[in-house]
Amino acid sequence: MPPLVELRGIEKRFGGIRALAGVSFELCAGEIHALLGENGAGKSTLMRILFGLLRTDAGDIRIDGRTVTLHRPEDARRLGIGMVHQHFMLVERMSVAENVLLGDRGAGFWRTPASLRRRAAEAAARLGLDVDPHALVEQLSVGQRQRVELLKALRRPVRVLILDEPTAVLTPGEIEPLFATLRRLRDSGCAVVFISHKLGEISTLCDRVTVLRRGQSLGTFPVADTPIERLAGMMLGAEEQVENRKSKVEIGSVESSKRRNDERSKSQIVEAGKTETGNEKTTSATGVAQHAEADVIVDMRAVSSESGERPPGLERVDLCLRAGDLIGVAGVDGNGQAALIETLLGLRRVTAGDLRVAAAPHEIAHVADDRQREALVLPLSVAENAVLKMHARPPFARRGVLRWPAVRGFARELIGQYDIRARSERAQAVELSGGNQQKLVVARELHGRPRLVLAVNPTRGLDLGATRYVRARLLEAARRGAAVLLVSTDLDEILELSHRVFVLYRGRLRQAETADGLVQRIAALMAGATA
Amino acid sequence: MRHAVRALGASMAAAAAGIAVLLAVAWLCGYPPAAVLRVFAQSVAGGADRLSATLLVACPLLLTGLGVCVAFRCGVWNIGAEGQYLVGALAACAVGIHLGTWPAWVAAPLTLLAGVVAGAIWAGLAAWLKLARRVQEVLSTILLNFVAIQLVAIMVHGPLADPLSAQRDTTSSIAAAARLPLLSSRHGLHAGVAIALLAAVGAWFFLRHTVPGLRLRIVGANPIAARLARLPVTGYTAGAFLLSGALAGLAGAVEIAGNSYYLTARYGAGYGYTAIAVAMLARLSPPAIVPAALFFAMLDTGVRGLQHADLEGAASFPTTLTFAAQGGVVLLVAWLAGPPKRTGET
Ligand SMILES: Nc1ncnc2c1ncn2[C@@H]1O[C@H](COP(=O)(O)OP(=O)(O)OP(=O)(O)O)[C@@H](O)[C@H]1O
Ligand SMILES: [Mg+2]
C-alpha cells in the first residue's frame with residue numbers, strides 16, 4: 001500500500017534563505033507522525049506547503065500515489081487535508097460558534113445563531129474542549145483560541161490532520177482529551193502530523209517521528225525504538241549538548257538555593273552574584289542594598305479588578321512579590337491570567353483592595369501572552385521590534401532622531417545572544433519562525449535590569465535548547481534581584497522554576513502548599529477544588 | 001530606503017503597463033498607437049512649457065499623496081484629502097486677498113500657513129469624530145469632502161466674491177505679495193514645486209528617522225502592541241489626522257498662491273482622490289511618491305493633450321475615451337502595485 005502522503009525532495013527558498021533543502025517525508029494512514037526540529041528548522045514551512053499555503057520551488061507532493069499541485073488551501077481541503085496553524089486564523093469580531101462553523105459548505109444559508117451555537121457546543125463537549133460558544137474571539141486568551149482552532153479542525157471529517165504546536169498553551173488537563181481524540185482519529189484510519197517541541201508528548205502519542213534540522217531531514221524513526229535522549233541529541237546537536245549540561249548544572253545549583261528561598265538572606269544573593277563576572281558582582285551587591293529598603297515590589301491586598309475586555313476579572317487576590325522571588329502561577333488559560341497581568345501593568349481598573357507596584361513602567365518586563373498580537377509589530381523589522389519600548393532613550397535616539405547604527409547593533413546583539421535565526425536584523429518580524437519570534441520577544445524584555453518580570457508562557461513554541469536558555473535567564477533575573485511572576489500553562493515549567501506556586505481559577509488566586517503530592521494538589525485546584 | 005527602492009521598481013513596472021493599456025485602448029478604438037504615443041509624449045514633456053505644465057499638476061498630487069501616506073501609515077483611513085485641499089485653498093485665498101500691504105516674505109508664508117492650519121482643522125474634525133464619537137473616518141472624511149465643496153461655493157458666491165465679476169463665481173485675486181515666487185516666469189513654474197519636494201524629503205525623514213515617526217508606524221501596524229508598549233495610541237492617531245490634513249491643506253494653499261491666485265466656485269480638480277492612487281502606487285513610501293505623483297501628472301497632461309490633438313486624419317480623441325483610459329490605468333496600477341499577497345499564518 002502506498003503511503004497516503006509523500007513529499008519528495010521539497011525545496012523552498014525565501015529570498016536568499018533556503019528554508020527547506022530537499023526534504024522528503026511520508027505519512028501513512030492510521031499513524032500519528034511527529035515532526036520535530038529546532039526553531040526555524042522548517043517544520044511549519046513544510047506543512048504549509050502540504051496545506052497549499054506555500055508553493056514549492058522544487059520537489060513533488062503525492063497523495064495516494066498521485067502527484068498533485070496545490071495552489072491554495074482549498075485544494076488541500078478538497079483532498080481531505082486539515083490544518084491547525086501555529087498562529088491562529090480566527091475572525092476576532094465573531095463569536096466562537098461563528099468561527100467554528102465558518103466556511104462549512106453544508107451549513108446552509110439560513111443558519112440561526114442559536115443552532116450555530118448549539119452545534120458548536122455539541123462539538124466542544126464531544127471533543128472535551130471547554131469553550132463558550134457565545135464568547136467573542138477577541139475576548140479570548142491564547143489557550144482558549146487554541147481550543148477554538150482545534151474545534152474548527154477536528155469537527156470536519158479529514159483524512160490528513162496537521163497540528164502545528166497545538167499543545168504549546170494547553171494544560172495537562174486539556175492535553176489528555178486532545179490526545180484521546182487524536183488516537184481515535186488514528187484508529188479510524190486518519191493520518192495525523194503532530195508538531196511539538198515536547199519530547200514527552202511525542203513519546204506518549206506518536207508512532208513515528210521525522211527530525212528536521214536546518215531545512216534537512218535527519219530521517220524518520222519509530223518512536224517505540226528511539227530513546228528520548230537520542231531525539232534530544234538530534235535536536236540539539238553534539239556540541240550544544242555539552243553546553244546544555246553546563247547550564248543544567250547551573251540551574252541545579254540555583255534550584256538547591258531556591259528551596260531555602262523564604263529564608264533567603266542577602267549573603268546568598270551575593271554568593272550567587274560571585275559566580276558571575278566581576279562587573280556583575282558589584283552590581284548585584286548594590287542590588288542587595290536596594291532590596292533592604294525596597295524589598296517588596298508587588299503588594300496586592302484583596303485586589304479585585306473589573307472583568308474588562310477579557311473576563312474574568314480578579315477577585316480578592318492577595319499576592320506579595322519581593323525582589324528575588326520567582327513565583328509561579330498555574331492554571332487553565334482564561335481563568336484571570338490576563339486580568340492579573342493587566343492589573344499589574346496598570347491597564348485594568350482596580351475595583352476593590354489595595355495594589356502597590358514599586359517599579360516604574362520601563363522597569364517592568366512583560367513577555368506577553370500572544371506574541372503576534374501583543375508583543376510584536378509584524379511588518380516592522382527585527383531591529384525596530386528589538387527597541388519597541390526603548391527607542392526614545394539613548395543610545396538609540398538623540399533629540400528625537402533615531403540612531404540606526406545603535407539600534408541595529410543592539411538587535412544583532414540580541415540575535416547573537418538568543419540564537420535568533422533571522423536573515424538579518426533588517427528582516428521583517430513576520431519572516432521569523434514562530435519560535436524565533438518568541439525568542440525576540442523574550443530577548444527584548446529580559447534585556448537590561450527589569451525590577452519586575454511578568455512572563456506569560458515565556459517558552460511557548462521554543463525548542464529544547466532555547467527553552468533551557470530562557471528558563472536560565474528567568475532564574476538569573478530573579479537572582480539579580482528582580483521579582484519574577486511566571487504565569488504558565490506548563491506545570492513542569494512552573495514546578496521546575498518557582499519558589500512558590502499559586503493557582504488561578506476563575507479570577508481567584510490560591511497558594512499551593514509546597515509539600516508532597518503538590519502536583520495532584522495543583523491539578524485539583526486548577527479544576528476548581530475549594531481550599 | 002530598500003523598501004522605497006522596491007516600491008519604486010513596482011511602480012515603474014505598473015506605470016509602464018498603464019501606458020501600454022492606454023495605447024491598447026486607443027488601438028482598439030481605431031487610433032494609430034504610434035501617433036497616440038507621440039502626441040502623449042509631446043503633451044507631457046514636449047518642450048519646457050509642457051514639462052512645467054506636468055510639474056504643476058504633479059505638485060499638488062505630491063503634497064496630497066504625502067498626506068494620504070502619513071495617515072495610512074498610522075492606520076488612519078483618511079480619504080478626505082480632497083476636502084482638506086479645498087479648505088486649505090479657501091483659507092489661503094481668504095487670507096491672501098487681504099495681505100496687500102505686507103512684505104512678501106511675511107505674506108506668502110502666512111498664506112501657506114493659513115492653508116496648513118485649515119487643512120489640519122478639517123482633518124481634526126474627523127479625528128474628533130473618530131476618537132470621541134467612534135465615527136469611522138472612512139465615512140466622516142468623505143462626507144466632509146462634500147461639506148468642503150459647498151463651503152467653497154458659499155464663500156465664493158458670498159463673502160469672497162469678486163465685485164467685478166459678473167457671475168459672481170470667482171473671488172478676487174490674492175495680493176501680489178502673497179504669491180509664491182516663480183522659478184521660471186515664462187512657464188509659470190512656481191516655488192511650490194520645491195516646497196513639495198522638500199515635504200517629500202521631510203516626510204521620509206520623519207517616518208524613517210525620528211522617534212515620533214517610528215511610533216506612528218508602530219501604532220499603525222499594531223495598536224494593541226503599541227498600547228502595551230505604553231505609546232499614546234490616541235495621541236498618535238490624532239496626530240496622523242492633523243499632519244495628513246496639514247499636507248493636503250498646504251497643497252491647496254500652494255495651488256492658490258502659486259498657480260491660480262483666485263478661487264472659483266468649482267475649484268476641485270480631484271487631486272485629493274488621485275492622491276490615494278498616488279500613495280498606493282508608491283506603496284506608502286515617501287520617496288516613491290515623487291515618481292508616482294509625476295506619473296499621474298503625466299497621465300493627466302498626456303490625456304488632456306490627446307483630446308486636442310490631430311491624430312493623422314482620425315477624429316480627435318473623445319473625452320469619454322480619455323477618461324475611460326485614465327480610469328483603466330488607475331485600476332491596473334492599483335492591481336499591479338497593490339500589497340504583495342499575504343502567505344499563510346503570518
Ligand atoms: N515568509 C517568510 N519570509 C522569509 N523567511 C521565512 C518566511 N517564513 C519562514 N521563513 C524562514 O524559513 C525558516 C523556517 O521557518 P519555519 O517557520 O518553517 O520554522 P519552524 O520549524 O516551524 O520553527 P518554529 O519551531 O520556530 O515554529 C526560518 O528560517 C524562517 O525565518
Ligand atoms: Mg513553526
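Values reported hereafter were calculated over all heavy atoms of this structure, with side chains retained and with hydrogens, waters and symmetry mates removed. Lettering of chains follows the sequences in order, A, B, ..., and the numbering in each one begins at 1.
With chain B as partner, the option from A:Glu384, A:Glu342, A:Met390 having the largest number of non-hydrogen pairs under 4.5 angstrom is A:Glu384.
The CG atom of A:Leu388 lies 4.5 Å from the CD1 atom of B:Ile218; values are rounded to the nearest 0.5 Å.
Heavy atoms of A:Ala375 lying under 4.5 Å from chain B belong exclusively to its backbone. With a threshold of 4.5 angstrom between heavy atoms, A:Leu345 approaches chain B through its backbone and through its side chain. The part of B:Phe205 that comes within reach of chain A is its side chain, from C-beta onward, which places non-hydrogen atoms under 4.5 angstrom from that chain.
Residues B:Pro212 and A:Gly400 approach most closely at CD-O, 4.0 Å, considering heavy atoms. Minimum interatomic distance between B:Ile224 and A:Glu374 (heavy atoms only, all atoms of both residues): CG2-CG, 4.0 Å.
Listed for the B:Asn222 side chain is a donor-acceptor partner under 3.5 Å among the backbone atoms of A:Leu376.
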| said: Working note: B:Leu228 + A:Leu347, criterion side chain to side chain contact (heavy atoms under 4.5 Å, CB included); need CA distance, chi angles, decisive distance, verdict. | reply: CA-CA 8 Å; B:Leu228 284 166; A:Leu347 296 172; 3.4 Å; yes
| Passes side chain to side chain contact (heavy atoms under 4.5 Å, CB included), B:Val211 versus A:Phe396? Steps please. | CA-CA 9 Å; B:Val211 170; A:Phe396 303 125; over 6 Å; no
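Around atom CD of A:Glu309, no more than 12 heavy atoms belonging to other residues, nucleotides or ligands sit under 6.0 Å away.
Screening residues 387-398 of chain A for side-chain hydrogen bond (donor to acceptor under 3.5 Å, both in side chains), with sequence neighbours left out, gives A:Lys389-A:Glu445, A:His391-B:Arg215.
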